[in-house]
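Keep in mind that what you see is a predicted model, and the values were worked out from it rather than measured.
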Amino acid sequence: MSTAEIGGVLATIGGTPLVALDRIGKGLRVFAKMEKFNPGGSVKDRTALHMLQGALRAGALVPGRSVVVESTSGNLGVGLAQLCAYFGLDLVCVVDTRTTAQTIALLRAYGATVELVTEPVDGDLLGARIARVRELLAQLPDAFWPDQYANPLNPAAHEQTMREIADALDGRVDYLFCSVSTGGTMRGCADYIRRHGLTTELVAVDAAGSAIFHVPTEGRLLPGHGAGRRPPLVDPSAVREVVHVTDLECVRACRDLVAREAILAGGSSGATVAALGKLRDRIPAGSVCVLVFPDDGNRYLDTIYSDHWVREHFGELPAPASRALAALP
(Lines give C-alpha, C1' and ligand atoms only; values in the text may rest on other atoms or scores of the structure.)
Protein backbone atom coordinates (compact mmCIF):
# COMPACT_ATOMS: atom_id res chain seq x y z
CA MET A 1 0.00 0.00 0.00
CA SER A 2 1.45 3.36 -1.01
CA THR A 3 1.50 6.30 1.39
CA ALA A 4 -1.45 7.89 -0.37
CA GLU A 5 -3.62 4.79 -0.04
CA ILE A 6 -5.87 4.25 2.93
CA GLY A 7 -6.37 1.37 5.30
CA GLY A 8 -7.03 0.80 8.96
CA VAL A 9 -9.49 3.16 10.56
CA LEU A 10 -9.45 5.50 7.55
CA ALA A 11 -11.10 2.81 5.45
CA THR A 12 -14.27 3.41 7.47
CA ILE A 13 -14.70 6.99 6.18
CA GLY A 14 -17.95 7.25 4.22
CA GLY A 15 -20.82 4.83 3.96
CA THR A 16 -22.62 6.56 6.82
CA PRO A 17 -26.21 5.54 7.65
CA LEU A 18 -29.37 7.27 6.47
CA VAL A 19 -31.80 7.33 9.40
CA ALA A 20 -35.55 7.92 9.15
CA LEU A 21 -36.82 10.75 11.35
CA ASP A 22 -40.38 9.54 11.69
CA ARG A 23 -41.26 11.67 14.71
CA ILE A 24 -40.48 15.04 13.14
CA GLY A 25 -41.76 14.18 9.66
CA LYS A 26 -45.38 15.32 10.03
CA GLY A 27 -46.56 14.18 6.61
CA LEU A 28 -43.10 14.18 5.04
CA ARG A 29 -40.58 11.38 4.61
CA VAL A 30 -37.58 12.82 6.46
CA PHE A 31 -34.14 11.22 6.68
CA ALA A 32 -30.88 12.27 8.32
CA LYS A 33 -27.51 11.46 6.76
CA MET A 34 -25.62 10.71 9.96
CA GLU A 35 -22.05 11.87 9.32
CA LYS A 36 -21.08 11.48 12.97
CA PHE A 37 -20.38 7.82 12.15
CA ASN A 38 -17.19 8.74 10.30
CA PRO A 39 -14.19 7.81 12.48
CA GLY A 40 -13.30 11.42 13.26
CA GLY A 41 -16.92 12.16 14.09
CA SER A 42 -18.00 14.42 11.24
CA VAL A 43 -18.61 14.96 7.54
CA LYS A 44 -15.26 16.77 7.39
CA ASP A 45 -13.45 13.42 7.50
CA ARG A 46 -14.44 13.02 3.85
CA THR A 47 -13.04 16.44 2.99
CA ALA A 48 -9.81 15.90 4.90
CA LEU A 49 -9.18 12.50 3.31
CA HIS A 50 -9.81 13.71 -0.23
CA MET A 51 -7.57 16.77 0.12
CA LEU A 52 -4.65 15.03 1.84
CA GLN A 53 -4.78 11.92 -0.32
CA GLY A 54 -4.67 14.12 -3.42
CA ALA A 55 -1.69 16.06 -2.09
CA LEU A 56 0.17 12.88 -1.14
CA ARG A 57 -0.36 11.36 -4.58
CA ALA A 58 0.82 14.57 -6.22
CA GLY A 59 3.96 14.68 -4.06
CA ALA A 60 3.00 17.98 -2.42
CA LEU A 61 3.11 16.26 0.97
CA VAL A 62 6.00 14.12 2.22
CA PRO A 63 5.52 12.14 5.46
CA GLY A 64 8.19 12.88 8.04
CA ARG A 65 8.99 16.25 6.44
CA SER A 66 5.88 18.21 5.53
CA VAL A 67 3.78 20.30 7.90
CA VAL A 68 0.06 20.70 7.18
CA VAL A 69 -1.32 24.11 8.18
CA GLU A 70 -5.06 24.77 8.04
CA SER A 71 -7.69 27.18 9.31
CA THR A 72 -10.65 25.43 10.94
CA SER A 73 -13.56 26.07 13.25
CA GLY A 74 -13.26 22.51 14.55
CA ASN A 75 -14.41 19.45 12.64
CA LEU A 76 -12.05 19.65 9.68
CA GLY A 77 -9.21 20.05 12.15
CA VAL A 78 -10.16 16.82 13.90
CA GLY A 79 -10.40 15.00 10.57
CA LEU A 80 -7.01 16.34 9.48
CA ALA A 81 -5.46 15.50 12.85
CA GLN A 82 -6.53 11.87 12.57
CA LEU A 83 -5.26 11.63 8.99
CA CYS A 84 -1.96 13.33 9.80
CA ALA A 85 -1.41 10.93 12.69
CA TYR A 86 -2.04 8.04 10.30
CA PHE A 87 0.18 9.33 7.49
CA GLY A 88 3.01 10.63 9.72
CA LEU A 89 2.49 14.33 9.01
CA ASP A 90 2.80 17.26 11.40
CA LEU A 91 -0.28 19.48 11.68
CA VAL A 92 -0.89 23.05 12.85
CA CYS A 93 -4.56 23.98 13.25
CA VAL A 94 -5.48 27.66 13.41
CA VAL A 95 -8.73 28.04 15.36
CA ASP A 96 -10.65 30.95 16.90
CA THR A 97 -12.66 31.71 20.00
CA ARG A 98 -15.79 29.93 18.70
CA THR A 99 -13.98 26.59 18.65
CA THR A 100 -15.12 24.47 21.59
CA ALA A 101 -12.79 23.39 24.37
CA GLN A 102 -13.55 19.75 23.62
CA THR A 103 -12.54 20.15 19.98
CA ILE A 104 -9.25 21.77 20.99
CA ALA A 105 -8.64 18.88 23.39
CA LEU A 106 -9.30 16.39 20.57
CA LEU A 107 -6.87 18.16 18.25
CA ARG A 108 -4.15 18.01 20.88
CA ALA A 109 -4.93 14.37 21.70
CA TYR A 110 -4.21 13.50 18.05
CA GLY A 111 -0.89 15.35 18.27
CA ALA A 112 -1.80 18.56 16.43
CA THR A 113 -0.42 21.97 17.38
CA VAL A 114 -3.21 24.48 18.04
CA GLU A 115 -2.90 28.18 17.20
CA LEU A 116 -5.71 30.35 18.64
CA VAL A 117 -6.62 33.73 17.14
CA THR A 118 -8.77 36.07 19.20
CA GLU A 119 -8.98 39.36 17.29
CA PRO A 120 -10.86 39.77 13.98
CA VAL A 121 -9.03 40.76 10.79
CA ASP A 122 -10.98 42.55 8.07
CA GLY A 123 -13.99 42.39 10.36
CA ASP A 124 -14.18 38.65 10.99
CA LEU A 125 -12.42 35.79 12.75
CA LEU A 126 -12.11 33.78 9.53
CA GLY A 127 -9.98 36.60 8.17
CA ALA A 128 -7.81 36.38 11.28
CA ARG A 129 -7.39 32.62 10.91
CA ILE A 130 -6.39 32.89 7.25
CA ALA A 131 -3.96 35.72 8.01
CA ARG A 132 -2.28 33.53 10.63
CA VAL A 133 -2.14 30.59 8.21
CA ARG A 134 -0.30 32.80 5.70
CA GLU A 135 2.18 33.85 8.37
CA LEU A 136 2.86 30.23 9.29
CA LEU A 137 3.30 29.23 5.64
CA ALA A 138 6.03 31.87 5.35
CA GLN A 139 7.72 30.78 8.57
CA LEU A 140 7.60 26.98 8.43
CA PRO A 141 9.72 25.01 5.95
CA ASP A 142 7.83 22.44 3.85
CA ALA A 143 4.47 23.82 4.98
CA PHE A 144 1.37 22.88 3.00
CA TRP A 145 -2.06 24.55 3.13
CA PRO A 146 -4.94 22.30 1.98
CA ASP A 147 -7.16 25.45 1.83
CA GLN A 148 -10.55 23.90 2.41
CA TYR A 149 -12.22 27.15 1.27
CA ALA A 150 -11.01 26.94 -2.34
CA ASN A 151 -9.66 23.42 -2.89
CA PRO A 152 -11.77 21.62 -5.56
CA LEU A 153 -11.04 18.32 -3.81
CA ASN A 154 -13.32 19.50 -1.01
CA PRO A 155 -16.57 19.40 -3.01
CA ALA A 156 -15.32 16.43 -5.04
CA ALA A 157 -15.37 14.40 -1.81
CA HIS A 158 -19.06 15.10 -1.33
CA GLU A 159 -20.22 13.85 -4.68
CA GLN A 160 -19.83 10.48 -2.95
CA THR A 161 -21.94 11.74 -0.04
CA MET A 162 -24.79 12.54 -2.44
CA ARG A 163 -24.28 9.27 -4.31
CA GLU A 164 -24.80 7.35 -1.06
CA ILE A 165 -27.99 9.31 -0.34
CA ALA A 166 -29.40 8.84 -3.84
CA ASP A 167 -28.55 5.13 -3.93
CA ALA A 168 -30.21 4.54 -0.56
CA LEU A 169 -33.43 6.19 -1.76
CA ASP A 170 -33.46 4.78 -5.30
CA GLY A 171 -32.77 8.24 -6.74
CA ARG A 172 -35.78 9.95 -5.17
CA VAL A 173 -34.63 12.88 -3.08
CA ASP A 174 -37.10 15.76 -3.37
CA TYR A 175 -35.35 18.16 -0.98
CA LEU A 176 -31.80 18.16 0.37
CA PHE A 177 -30.98 20.42 3.32
CA CYS A 178 -27.27 21.26 3.72
CA SER A 179 -25.77 23.63 6.26
CA VAL A 180 -23.07 25.81 4.70
CA SER A 181 -19.61 26.80 5.91
CA THR A 182 -16.91 26.29 3.27
CA GLY A 183 -19.60 25.30 0.77
CA GLY A 184 -17.88 21.99 0.03
CA THR A 185 -20.69 19.63 1.02
CA MET A 186 -23.33 21.72 -0.69
CA ARG A 187 -21.26 22.17 -3.87
CA GLY A 188 -20.35 18.50 -4.12
CA CYS A 189 -23.95 17.39 -3.64
CA ALA A 190 -25.10 19.98 -6.20
CA ASP A 191 -22.54 18.75 -8.73
CA TYR A 192 -23.76 15.17 -8.34
CA ILE A 193 -27.41 16.27 -8.66
CA ARG A 194 -26.68 18.14 -11.89
CA ARG A 195 -24.54 15.44 -13.47
CA HIS A 196 -27.06 12.70 -12.79
CA GLY A 197 -30.17 14.64 -13.72
CA LEU A 198 -31.83 14.42 -10.33
CA THR A 199 -34.78 16.68 -9.60
CA THR A 200 -33.63 17.34 -6.04
CA GLU A 201 -34.24 20.85 -4.70
CA LEU A 202 -31.18 21.98 -2.77
CA VAL A 203 -31.81 24.09 0.35
CA ALA A 204 -28.79 25.93 1.78
CA VAL A 205 -28.97 26.45 5.54
CA ASP A 206 -26.94 29.38 6.81
CA ALA A 207 -26.52 31.19 10.12
CA ALA A 208 -28.31 34.49 10.65
CA GLY A 209 -24.92 35.85 11.73
CA SER A 210 -23.15 34.66 8.57
CA ALA A 211 -22.07 36.69 5.54
CA ILE A 212 -22.19 33.85 3.02
CA PHE A 213 -25.56 34.74 1.49
CA HIS A 214 -26.54 38.05 3.08
CA VAL A 215 -25.46 40.89 5.33
CA PRO A 216 -25.41 39.39 8.84
CA THR A 217 -28.37 40.35 11.02
CA GLU A 218 -26.77 39.42 14.36
CA GLY A 219 -23.67 37.98 15.97
CA ARG A 220 -22.76 34.32 15.70
CA LEU A 221 -21.75 32.10 18.61
CA LEU A 222 -21.91 28.54 17.28
CA PRO A 223 -19.21 27.02 15.04
CA GLY A 224 -19.91 24.57 12.24
CA HIS A 225 -21.99 26.60 9.81
CA GLY A 226 -21.81 30.13 8.51
CA ALA A 227 -18.75 32.28 7.78
CA GLY A 228 -17.62 35.88 7.91
CA ARG A 229 -17.29 35.98 4.12
CA ARG A 230 -18.41 33.96 1.11
CA PRO A 231 -15.89 31.17 0.40
CA PRO A 232 -14.91 30.67 -3.28
CA LEU A 233 -16.52 27.21 -3.35
CA VAL A 234 -20.02 28.53 -2.66
CA ASP A 235 -22.16 28.51 -5.81
CA PRO A 236 -25.43 30.38 -5.18
CA SER A 237 -26.80 29.31 -8.58
CA ALA A 238 -26.95 25.70 -7.36
CA VAL A 239 -29.31 26.56 -4.53
CA ARG A 240 -33.11 26.61 -4.78
CA GLU A 241 -33.51 28.47 -1.50
CA VAL A 242 -31.44 29.81 1.39
CA VAL A 243 -32.82 29.57 4.93
CA HIS A 244 -31.18 31.58 7.70
CA VAL A 245 -31.30 30.20 11.22
CA THR A 246 -30.42 31.95 14.48
CA ASP A 247 -28.25 30.41 17.18
CA LEU A 248 -31.25 30.13 19.49
CA GLU A 249 -33.25 28.34 16.78
CA CYS A 250 -30.35 25.88 16.48
CA VAL A 251 -30.40 25.30 20.22
CA ARG A 252 -34.15 24.70 20.25
CA ALA A 253 -33.98 22.34 17.26
CA CYS A 254 -31.09 20.34 18.71
CA ARG A 255 -32.88 19.86 22.01
CA ASP A 256 -36.13 18.99 20.25
CA LEU A 257 -34.25 16.40 18.20
CA VAL A 258 -33.01 14.73 21.38
CA ALA A 259 -36.50 14.73 22.87
CA ARG A 260 -38.25 13.37 19.78
CA GLU A 261 -35.69 11.21 17.99
CA ALA A 262 -33.09 10.49 20.74
CA ILE A 263 -30.40 11.95 18.47
CA LEU A 264 -27.76 14.17 20.08
CA ALA A 265 -26.70 16.37 17.17
CA GLY A 266 -24.41 19.33 16.62
CA GLY A 267 -25.44 22.89 15.89
CA SER A 268 -25.29 22.65 12.11
CA SER A 269 -27.48 19.55 12.25
CA GLY A 270 -29.99 21.39 14.39
CA ALA A 271 -29.90 24.22 11.86
CA THR A 272 -31.17 21.88 9.13
CA VAL A 273 -34.01 20.73 11.41
CA ALA A 274 -34.94 24.35 12.10
CA ALA A 275 -34.83 25.14 8.38
CA LEU A 276 -37.13 22.21 7.60
CA GLY A 277 -39.57 23.59 10.15
CA LYS A 278 -39.55 26.98 8.44
CA LEU A 279 -40.30 25.49 5.02
CA ARG A 280 -42.59 22.64 6.11
CA ASP A 281 -45.86 24.32 5.09
CA ARG A 282 -44.55 24.85 1.54
CA ILE A 283 -43.30 21.31 0.99
CA PRO A 284 -45.84 18.92 -0.60
CA ALA A 285 -47.05 16.07 1.60
CA GLY A 286 -45.15 12.83 1.10
CA SER A 287 -42.00 14.56 -0.16
CA VAL A 288 -38.68 12.87 0.57
CA CYS A 289 -36.47 15.28 2.52
CA VAL A 290 -32.87 14.52 3.48
CA LEU A 291 -31.03 16.54 6.12
CA VAL A 292 -27.25 16.26 6.21
CA PHE A 293 -26.25 16.00 9.88
CA PRO A 294 -22.56 16.98 9.84
CA ASP A 295 -21.59 15.93 13.35
CA ASP A 296 -22.50 14.74 16.83
CA GLY A 297 -23.67 16.82 19.77
CA ASN A 298 -20.94 15.66 22.14
CA ARG A 299 -18.77 18.61 21.06
CA TYR A 300 -21.54 20.98 22.13
CA LEU A 301 -22.14 19.76 25.67
CA ASP A 302 -20.71 22.99 27.07
CA THR A 303 -22.83 25.17 24.77
CA ILE A 304 -26.04 23.95 23.14
CA TYR A 305 -26.73 21.34 25.82
CA SER A 306 -25.61 23.46 28.77
CA ASP A 307 -28.50 25.18 30.54
CA HIS A 308 -26.06 27.67 32.06
CA TRP A 309 -24.60 28.63 28.66
CA VAL A 310 -28.03 28.99 27.07
CA ARG A 311 -29.30 31.19 29.91
CA GLU A 312 -26.16 33.30 29.79
CA HIS A 313 -26.46 34.02 26.07
CA PHE A 314 -30.21 33.93 25.41
CA GLY A 315 -31.85 34.49 28.77
CA GLU A 316 -34.21 31.58 28.27
CA LEU A 317 -34.31 27.83 27.92
CA PRO A 318 -36.30 25.80 25.41
CA ALA A 319 -39.40 24.23 26.95
CA PRO A 320 -38.66 20.91 28.73
CA ALA A 321 -39.29 17.86 26.57
CA SER A 322 -41.24 16.15 29.33
CA ARG A 323 -44.38 17.66 30.87
CA ALA A 324 -43.72 15.59 33.99
CA LEU A 325 -40.31 17.19 34.37
CA ALA A 326 -41.77 20.63 33.68
CA ALA A 327 -44.10 20.16 36.67
CA LEU A 328 -41.25 19.50 39.10
CA PRO A 329 -40.13 22.36 41.38
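- Leu202 and Val288 fall within the same hydrophobic cluster, where Ile, Leu, Val, Met, Phe, Trp and Tyr residues are linked whenever their side-chain heavy atoms come under 4.5 Å apart, directly or through other members.
- The backbone N or O of Ala208 lies less than 3.5 Å from no partner atom in the side chain of Glu218, so there is not a single donor-acceptor pair.
- The neighbour count for Asp235 CG, taken as heavy atoms of other residues, nucleotides or ligands under 6.0 Å away, is above 12.
- Separation of atoms CD1 (Ile283) and CG (Asp174) is listed at 9.0 Å; rounding is to 0.5 Å.
- Taking all atoms of both residues into account, the shortest heavy-atom contact from Gly25 to Val30 is CA-CG2, 3.8 Å.
- Nearest heavy-atom pair, Glu249 versus Thr246, reported as atom, atom and distance to 0.1 Å: OE1-N, 2.9 Å.
- Between atom CZ of residue Phe37 and atom OG1 of residue Thr12 there is a gap of 12.0 Å, rounded to the nearest 0.5 Å.
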Worksheet entry | Residues Arg132, Glu135; criterion salt bridge (charged side-chain N to carboxylate O under 4.0 Å, His left out); working and verdict | CA-CA 5 Å; Arg132 183 56 181 152; Glu135 290 175 355; 2.8 Å; yes
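- Here the closest non-hydrogen pair linking Leu83 and Ala48 is CD1-CB, 3.2 Å.
- No donor-acceptor pair closer than 3.5 Å links the side chain of His225 to the backbone N or O of Ser269.
- For the atom pair OG1 of Thr97 and CG of Leu125, the computed distance is 4.5 Å after rounding to the nearest 0.5 Å.
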Practice prompt. Could you go through the side chain to side chain donor-acceptor pair (under 3.5 Å) check for Arg299 and Asn75 one step at a time?
Written response: CA-CA 10 Å; Arg299 295 174 192 175; Asn75 284 334; 2.6 Å; yes
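- In this structure, Leu264 is not a member of the same hydrophobic cluster as Phe293, with clusters built from ILVMFWY side-chain heavy atoms closer than 4.5 Å.
- Residues Ser71 and Val133 share a closest heavy-atom pair of N-CG2, 3.7 Å.
- Under the 4.5 Å side-chain criterion, counting only non-hydrogen atoms from C-beta, Asp247 is in contact with Phe314.
- Nearest heavy atom pair, residue Thr182 against residue Leu233, reads O-CB, 3.6 Å.
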Worksheet item: After noting the C-alpha distance and the side-chain angles of Thr16 and Arg46, does the key distance pass the side chain to side chain donor-acceptor pair (under 3.5 Å) rule?
Response: CA-CA 11 Å; Thr16 54; Arg46 298 176 187 261; 3.2 Å; yes
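- In this structure, Gln82 contributes its side chain and Tyr110 its backbone to no donor-acceptor pair below 3.5 Å.
- When all heavy atoms of Gly266 and Asp295 are compared, the closest pair comes out as CA-OD1, 3.3 Å.
- Using cut-offs of 30° and 60° on the angle between ring planes, the pair His244 and His214 is parallel.
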Worksheet item: Stepwise, does the salt bridge (charged side-chain N to carboxylate O under 4.0 Å, His left out) test hold for Asp206 with Arg230?
Response: CA-CA 11 Å; Asp206 197 12; Arg230 178 181 291 175; over 6 Å; no
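- Residues Leu126 and Val92 fall within the same hydrophobic cluster, defined by Ile, Leu, Val, Met, Phe, Trp and Tyr side chains chained together at heavy-atom separations under 4.5 Å.
- Ring orientation note: the planes of His196 and Tyr192 are close to parallel, at an angle under 30° on the 30°/60° scale.
- Counting heavy-atom neighbours within 6.0 Å of Arg194 CZ, excluding the residue itself, gives a total above 12.
- A donor-acceptor pair under 3.5 Å is formed between the side chain of Asn151 and the backbone N or O of Pro146.
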